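Chain A is the first sequence line, chain B the second, and so forth, proteins listed ahead of strands; every chain is numbered from 1. This structure is a prediction, so every number in the text was calculated from the model and none was measured.
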There are 2 protein chains.
Amino acid sequence: MNEAKPPPQRVTIRTVAEDAGVSVAAVSKVMRNAYGVSEALRQNVLESIERLNYRPSNAARGMRGQTYTLGVVLVGIDNPFLPQVFAGIASVANAAGYKILMGVGAAHMPMEASLIEQMIDSHMDGIVMIAAQLSGKLMEKYARQIPIAVIGHHEPLAQTFDTVNANDSHGAKLAVRALVAKGYRDIGMVSLGPHRPHDHYDVAPQREIGFASAIAEAGLGAPKIFRFDNLDDARLGKITTFLAGPDRPRALFVWSDLDGIPILNAARQMGLRVPEDLALIAYDNSPVAALPLIDLASMDQSGTRLGQLATEALLSRIGGRKEAQHVLIDPSLTIRSSF
Amino acid sequence: MNEAKPPPQRVTIRTVAEDAGVSVAAVSKVMRNAYGVSEALRQNVLESIERLNYRPSNAARGMRGQTYTLGVVLVGIDNPFLPQVFAGIASVANAAGYKILMGVGAAHMPMEASLIEQMIDSHMDGIVMIAAQLSGKLMEKYARQIPIAVIGHHEPLAQTFDTVNANDSHGAKLAVRALVAKGYRDIGMVSLGPHRPHDHYDVAPQREIGFASAIAEAGLGAPKIFRFDNLDDARLGKITTFLAGPDRPRALFVWSDLDGIPILNAARQMGLRVPEDLALIAYDNSPVAALPLIDLASMDQSGTRLGQLATEALLSRIGGRKEAQHVLIDPSLTIRSSF
DNA sequence: GCGATTCTGTGCACCGTTCTACGTAGAACA
DNA sequence: TGTTCTACGTAGAACGGTGCACAGAATCGC
């Protein structure tokens, strides 16, 4: 690590100050376009910055001020509707002069926690969490140390952080109503398994609530909800058994494309016609669902919009807002041949 | 931003030092398990750290020493074989006590450049780039400021950074040989368009080279390479026209699943039977290709392994290695019903 | 024309670490 | 017993910015 050549010296704020013939503080002010710099000085400094190709050190900035960097915590990079959400986040953040760095939580609580801690330690200015697994209590704790906005996890009572969601119970209702309108009466739901009662505010339970209420609204008796353990390797087998069984409903509302696509696959492979034998509506409207050979109807959450709203909320909180803000937008059904 | 309650004070290295009754420097040494601390002192300090739940500030660390953070630059989050690569990177990095933060370049050179700059500015210890768009020259420049390892971009002559790749030309050969072995003679290739001659070292051109050489090897005449502009909205139409045309080959080697899946879709929709009318082998072996209803044969690059190797290379370079290292691994064909 | 007020720009402490140099105690050596 | 060596710990200077208090210049009101 001992360099014989020290010429590629980093150009620091001091270099710029010297070059422009002003004080270090003046350059700092220009960088943050803070109050108290004349237009002449500003131009002078900007020229030097340009000429020397100066970029402030994030690390140093973080020690006293802002880093103008936002952290994004993902459940996993294979999540299908992530790209849209991310695009939304990036557009708002970049427009406001913020940079973005991401971390992958891998749907693993301790990992998410350590990611957040790392982002705090890197002195990021705020965090957007997408479909977090973290408990509300823990999030409240972190939110006292750094502004946080959460996408894809309802927590309407949270005081210290903001949430932005598509209205999941309403989305489920819309799906059921669409099925009912087509004449289906025997409608079941496939939800995320296993059921964890304390996750009441998570998206899957919310969709169950909407489903049950729409079923009741249509007077279709007791709601039928099925679950497949998604960690299980034998999942495909279980799905097949379920589809071949006698109590398979005529139509299925599936909580996510993640489960909807395997179910569609299994059905077609078994020779079931979709929608003649089995009607399907899933959730997320991911790109795979749109593939012509798949063509799976799916609820669209408008990921881009979610990302934008969450980032706007985060920025306004960084700006000083204290009261929590919980935004809900309406999802809409993307109609395809599967129902 | 003015807090009425300053109690949630950050616990710093000073707090720990005070609590343990030692000097700040001693604590620092323990943190970095550096030379010159007795076991007694070490235990004492570790207890205080535990008790106070101390975590060193990344930003402050970066100012003088290492941050133990690696940056990962992605082309885009929707890239199909990313999750595997990322898993490989994460496993090696975490085992070595490094954290990971990602940035998305969106296949956009200036954005990639600014990401790298940001990572340098955040004083990260090194960068893994996946399928970079950046020119080798620019990468050489950045690599002088921070250790870099590149996945999915050949640059065998680069001196200042390392590369790790699946052998793309060999992969293409394997695909062609598999088709030849099945008896196909009229074999074409769909490659990434438009053709940019200076990208000789990029993966798609490498696959073209392998394709051409395998065609020659089998004595099948001049290689036929087709391109569809992937930015074009009318792409699907062009594909359909191509497939309906008179010079459609009997078998196609497609440079990537990204193009392979739309082609398969288009073919089936037109009523072409795969493989009876058109045989297909694509590249990347992404999860979508494995879906039963898709079932597209594809070259597997072993993303996990690529990620591991690249991270190992990066760590060894951070450790002081000076000479460049260019690793090639062998891809293998995943056989499915499409050929 | 003079004091009061506003506007600019500067100097310096500070943020939380690491790193270099150095002091000290005890062990090993002569 | 005095000297050298080694291991341990410490003090204090970096690192590259930001925030604050303040001084001097410019502007203002009367």
Side-chain angles (χ1 to χ4, degrees), chain A residues 1-3 6 9-46 48-49 52 54-69 117-118 120-125 145, chain B residues 1-3 6 9-45 48-49 52-69 117-118 120-125 145:
Chain A
M1 279 298 189
N2 44 351
E3 300 299 275
Q9 280 287 3
R10 176 165 188 118
V11 26
T12 101
I13 199 172
R14 251 162 282 268
T15 328
V16 177
E18 204 166 326
D19 181 272
V22 296
S23 76
V24 167
V27 179
S28 172
K29 281 188 179 181
V30 170
M31 288 304 299
R32 297 171 288 136
N33 42 42
Y35 172 83
V37 268
S38 67
E39 193 49 34
L41 179 88
R42 158 177 226 76
Q43 284 309 326
N44 179 9
V45 169
L46 283 178
S48 286
I49 287 176
L52 300 174
Y54 164 71
R55 298 190 319 264
S57 152
N58 248 298
R61 275 187 145 176
M63 299 222 48
R64 275 186 83 73
Q66 296 190 47
T67 53
Y68 301 95
T69 301
E117 290 179 354
Q118 186 192 3
I120 295 174
D121 299 344
S122 305
H123 293 261
M124 292 186 172
D125 293 345
Q145 304 177 55
Chain B
M1 282 299 190
N2 44 353
E3 300 298 276
Q9 280 287 4
R10 174 160 191 122
V11 27
T12 103
I13 200 175
R14 242 166 291 268
T15 327
V16 177
E18 205 166 323
D19 181 271
V22 296
S23 78
V24 167
V27 179
S28 172
K29 282 189 179 179
V30 171
M31 287 307 298
R32 298 171 287 132
N33 41 43
Y35 171 83
V37 268
S38 66
E39 193 50 32
L41 179 86
R42 159 178 224 76
Q43 283 309 325
N44 179 10
V45 168
S48 286
I49 287 175
L52 300 174
N53 193 19
Y54 164 72
R55 298 192 317 265
S57 152
N58 247 296
R61 277 189 145 173
M63 297 221 49
R64 279 191 78 75
Q66 296 191 49
T67 53
Y68 301 97
T69 301
E117 291 177 354
Q118 186 193 1
I120 294 174
D121 300 345
S122 305
H123 293 261
M124 291 184 174
D125 294 344
Q145 304 177 54

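Between the CD atom of Glu18(A) and the P atom of dG9(C) there is a distance of 19 Å, given to the nearest Å. Between the CE atom of Met63(B) and the C1' atom of dG16(C) there is a distance of 9 Å, rounded to whole Å. Look at CD on Gln66(A): it is 10 Å from P on dT18(D), rounded to the nearest Å. The nearest whole Å value for the distance from the CD1 atom in Ile49(B) to the P atom in dT17(C) is 10 Å. Counting to the nearest Å, the P atom of dT18(C) and the NZ atom of Lys29(B) are 12 Å from each other. When the P atom of dG9(D) is taken as reference, atom CD of Glu39(B) falls 11 Å away, rounded to whole Å. Nucleotide dT18(D) holds its P atom 12 Å from the CG atom of Asp125(A), rounded to whole Å. Regarding Asn58(B), its CG atom lies at a distance of 12 Å from the C1' atom of dG16(C), rounded to whole Å.
Which of dT17(C), dG17(D), dG9(C) sits closest to the side chain of Leu41(A) comes down to dG9(C). For Tyr35(A), counting side-chain heavy atoms from C-beta on, the closest listed nucleotide (dC7(C), dG16(D), dT17(C)) is dC7(C). Checked against dG19(D), dG9(C), dT10(D), the side chain of Ala26(B) finds its nearest nucleotide in dT10(D). Among the nucleotides dT18(D), dT10(C), dC19(C), the one closest to any side-chain atom of Ala25(B) is dC19(C). Proximity note for Arg10(A) (side chain, C-beta onward) versus dC8(D), dG9(C), dG16(D): the nearest is dG16(D).
As judged by a 4.0 angstrom heavy-atom cut-off over every strand, Arg42(A) is placed among residues making no nucleic acid contact. Residue Val22(A) is in sugar-phosphate contact alone, with no base atom involved, counting any heavy-atom pair closer than 4.0 Å across all strands shown. Among the heavy atoms of the strands, none lies under 4.0 Å from Val27(A).
Residues Asn53(B) and Val11(B) form no side-chain contact, since every pair of their non-hydrogen atoms from C-beta on lies 4.5 Å or further apart. By the 4.5 Å heavy-atom criterion applied to side chains, Val27(A) and Glu18(A) are not counted as neighbours. Side-chain contact check for Ser122(B) versus Thr67(B): every heavy-atom pair is 4.5 Å or farther apart. No side-chain heavy atom of Val45(B) sits under 4.5 Å from any side-chain heavy atom of Lys29(B). Looking at heavy atoms from C-beta onward, Arg55(B) lies in side-chain contact with Ile120(A) at the 4.5 angstrom threshold.
Taking only distance into account, the side chain of Arg61(B) never meets the base of dT17(C) through a donor-acceptor pair shorter than 3.5 Å. At a cut-off of 3.5 angstrom, counting only N and O atoms as typed in the model, there is a donor on one side and an acceptor on the other between the side-chain of Arg14(A) and the base of dG17(D).
In this model, the phosphate group of dC19(C) is not approached by any side-chain N or O of Ser28(B) to a distance below 4.0 Å at OP1 or OP2. Thr12(A) has no side-chain polar atom (N or O) that falls below the 4.0 Å cut-off from OP1 or OP2 of dG16(D). For the pair Tyr68(A) and dT18(D), the criterion of a side-chain N or O lying under 4.0 Å from OP1 or OP2 is not met. Dashed line: the shortest gap from a side-chain N or O of Ser57(A) to OP1 or OP2 of dG16(D) is not under 4.0 Å.
Each of Arg64(A) and Gly21(B) was assigned the nucleotide of DNA chain D with the nearest heavy atom; the assignment lying further toward the 5' end belongs to Gly21(B).
Judged by distance alone, the side chain of Thr12(A) and the main-chain N or O of Arg14(A) form a donor-acceptor pair under 3.5 Å.
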